[in-house]
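Order of appearance sets the numbers: ligands from 1, and atoms from 1 within every ligand. Keep in mind that what you see is a predicted model, and the values were worked out from it rather than measured.
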Amino acid sequence: MSQNQEFENLANETRSFPPTPAFTNAAIAKPELYESARADRLGFWADQANQLHWHKSFTKVLDWSNPPFAKWFEDGELNISYNCLDRHVEAGFGKRVALFFEGEPGDTKVFTYRDLLNEVKKAANLLLKLGVSPGDRVAIYMPMIPEAIIAMQAVARVGAVHSVIFGGFSADSLASRIQDAEAKIVITADGGFRKGKASALKPAVDEALANQNCPSVEHVLVVQRTKGEVAWNPVTDLWWHEEMQVVSNQHEALGFGAEHPLFILYTSGTTGKPKGIMHTTGGYLTQASYTHKNVFDLQPAQDIYWCTADVGWITGHTYVAYGPLANGSTQVIYEGTPDTPDWGRWWDIIQKYHVSIFYTAPTAIRSFMKLGRKVVQHYDLSSIRVLGSVGEPINPEAWMWYREVIGSNLAPIVDTWWQTETGAIMISPLPGITHTKPGSAQVAVPGIELAILDEAGAPVGPGHGGYLTISEPWPAMLRGIWKDPERFQETYWDRFPGSYFAGDGAKFDLDGDLWLLGRVDDVMNVSGHRLSTAEIESALVSHPFVAEAAVVGAKDETTGQAIVAFVILRSSQLNDLGSEADTSKILRDHVAKEIGAIARPRTIIVVSELPKTRSGKIMRRLLRDVAEDRPVGDITTLTDTSVMDTITGKINAGHSE
Ligand code: PRX
């Protein structure tokens, strides 16, 4: 099937769920939001920005004189941590709970806004004591515990730049990110609790830093969480709790320019090297808080909000560490996995804390769907009033299950489309306004201008599909790729000049609602995590057994996509190999070690050749056909058309792992 045919094939969804009048009447977002954004887009964004506290007001909204390098609110100054903490305490909300922390073993901690501010001020002083200056990079490699948020807030408070690395990444991935950003400090923990046991983190940091591998790092701050044994380097390592005891809790948040860098977050692209996506301060916080408030209908004095994302991903940045705090909301964070001690854990947390806004990923919803309603129906979920979905397309069946079983057929579902690069939500229904439709992300949020373009760059209308693009700059947009402005230009701006190309296919249905169709490049989406085929291929070929590898994302009922790798083994090594099953295990473990467990291929298929075009390009489309178990498509451009017969013959003979 060609890309264009794929764009056109979509079920015509006719179900539509209007908001209840009661919800609409009380909703934060009013239809006028769309009108005012349409009438004066920049004025609209200025109004949103002015809801924050500015140390110095801005006079200009957007400078787009040097595209694709945008500057928003450039002459304004603000402090992101002041906006998330101090201003709420000063407004009299110091006693409001900011964080309910639920550890996996069942331990809990509660932080009011005053408590959190106190901790962040101390952590800011600690960073200053260690010589951190504005613009310095600090790597954060932590479990999902309050200190992760405290660390991010403290780094931002002193004008330094954080680079959070997801705790599931390997020592190698951690080292390459530390090196690329030249981080001065690493903040980590001895470990965290996952699946009922302590899972160590510090050894990965030790391995990353061994042999002067990361010469920029001066100190490693270690939070004590599991109390497990840790190796200790007396020159660099410091216990967080000891240092926090001896620093002052007085710290004045200074204003930084709106375009002052806030964080780098590495994400996978189409090459083997992850991209350091760069975000700045004023525009990012503006869109983070605006979308958090309007998309989730946040009523800060009443709602208990819970987003299940880890701070290692963009969702955990925008909708855990910044947006909710900027809006003065009360949120839950949970350290562990949804199945510990059993699959009731999430629903138990919702019941216990009376969670009213719940934001998670389709892959989790599908896992629960498989287990059946019984697991959930045991709990009282009546507190839920808004449900969110993010990270991958949500299929209509999962959407309906989410609505019926979790949302009691009442709570509106907001399917939110956005990316690490967009910084904040771009496409989503607004509860109280939009009639929601199962499986569709529906409409751009007010203030965002998008278009779906065909191959030639012409906009398509209702009933047609193409490439999703953003037509106008937006406040939370990435400001570049760390140390690589050319790659920034090439990846996002060259395909359709003047527009940002998201890398996703999309379609408008006949009502004009937007449907996301998945990536159109070599980026995979496994359980809502973004992975690059090239990165996994290079991990595979770094193993001495492997001569060549091609990786594809195959459709998977639970994880959205699953990683399937086709490998050619080196003949010189064949004698050392055991059965194909052994080889497969060795290679799967090797990828997990190189990149992290999230990148472990589901399936390894050993082949003798790979399908290539005359110019030597691997035809992944054909491999995807094999991996998804359907007839192989057009092979006329292959150098050797018999290759596919050999591969499919082998699969049919049941040799695959
Ligand atoms: O393909 C889209 C998919 O996730 C990609 C972005 O991944 P990442 O930068 O890791 O950010 C994920 C969390 C914001 C997109 O290019 N994606 C994200 N949200 C949706 C989605 N696909 C369909 N529907 C969504 N709601």
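Heavy-atom proximity to T315, at under 4.0 Å, picks out these atoms of ligand 1: 13 (C), 14 (C). Taking every heavy atom of N525 and a limit of under 4.0 angstrom, the matching atoms of ligand 1 come to 3 (C), 4 (O). For ligand 1, the atoms lying closer than 4.0 Å to a non-hydrogen atom of R519 are 1 (O), 15 (C), 16 (O). Every atom of ligand 1 is numbered from 1 in the order shown, and the set under 4.0 Å from a heavy atom of W418 is 6 (C), 14 (C), 18 (C), 19 (N). Atoms of ligand 1 lying under 4.0 Å from any heavy atom of I314, numbered from 1 in the order shown and given with element: 11 (O), 13 (C), 14 (C).
For the atom pair D454 CG and Y467 OH, the distance stands at 9.0 Å (nearest 0.5 Å). If you take NE2 on H162 and NE2 on H279, they are separated by 10.5 Å, rounding to the nearest 0.5 Å. Taking NZ of K293 as the start and OG of S329 as the end, the distance is 11.0 Å to the nearest 0.5 Å.
A cation-pi arrangement is absent between R345 and Y334, since the terminal nitrogen or guanidinium carbon is not both under 6.0 Å from the aromatic centre and inside a 45° cone about the axis.
Of the protein's non-hydrogen atoms, the one nearest atom 8 (P) of ligand 1 is T420 OG1, 3.5 Å. For atom 1 (O) of ligand 1, the nearest non-hydrogen atom of the protein is D504 OD2, 2.8 Å.
Between G391 and ligand 1, a contact under 3.5 Å exists for at least one N or O pair. At under 3.5 Å, not a single nitrogen or oxygen of T267, backbone or side chain, sits near a nitrogen or oxygen of ligand 1.
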Note to self: Let's go through H292 and Y305 carefully: what are the C-alpha distance in whole Å and the side-chain angles of both, what is the deciding distance for ring pair (Phe, Tyr, Trp, His ring centres under 6.0 Å) to 0.1 Å, and is it a yes or a no?
What the structure shows: CA-CA 10 Å; H292 180 256; Y305 165 87; 4.5 Å; yes
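Considering each of G388, P393, S428, G528, the one bringing a non-hydrogen atom nearest atom 23 (C) of ligand 1 is P393.
Screening Y402, W346, W401 for a ring-ring contact (aromatic ring centres under 6.0 Å, His included) with F368, the sole residue that qualifies is W346.
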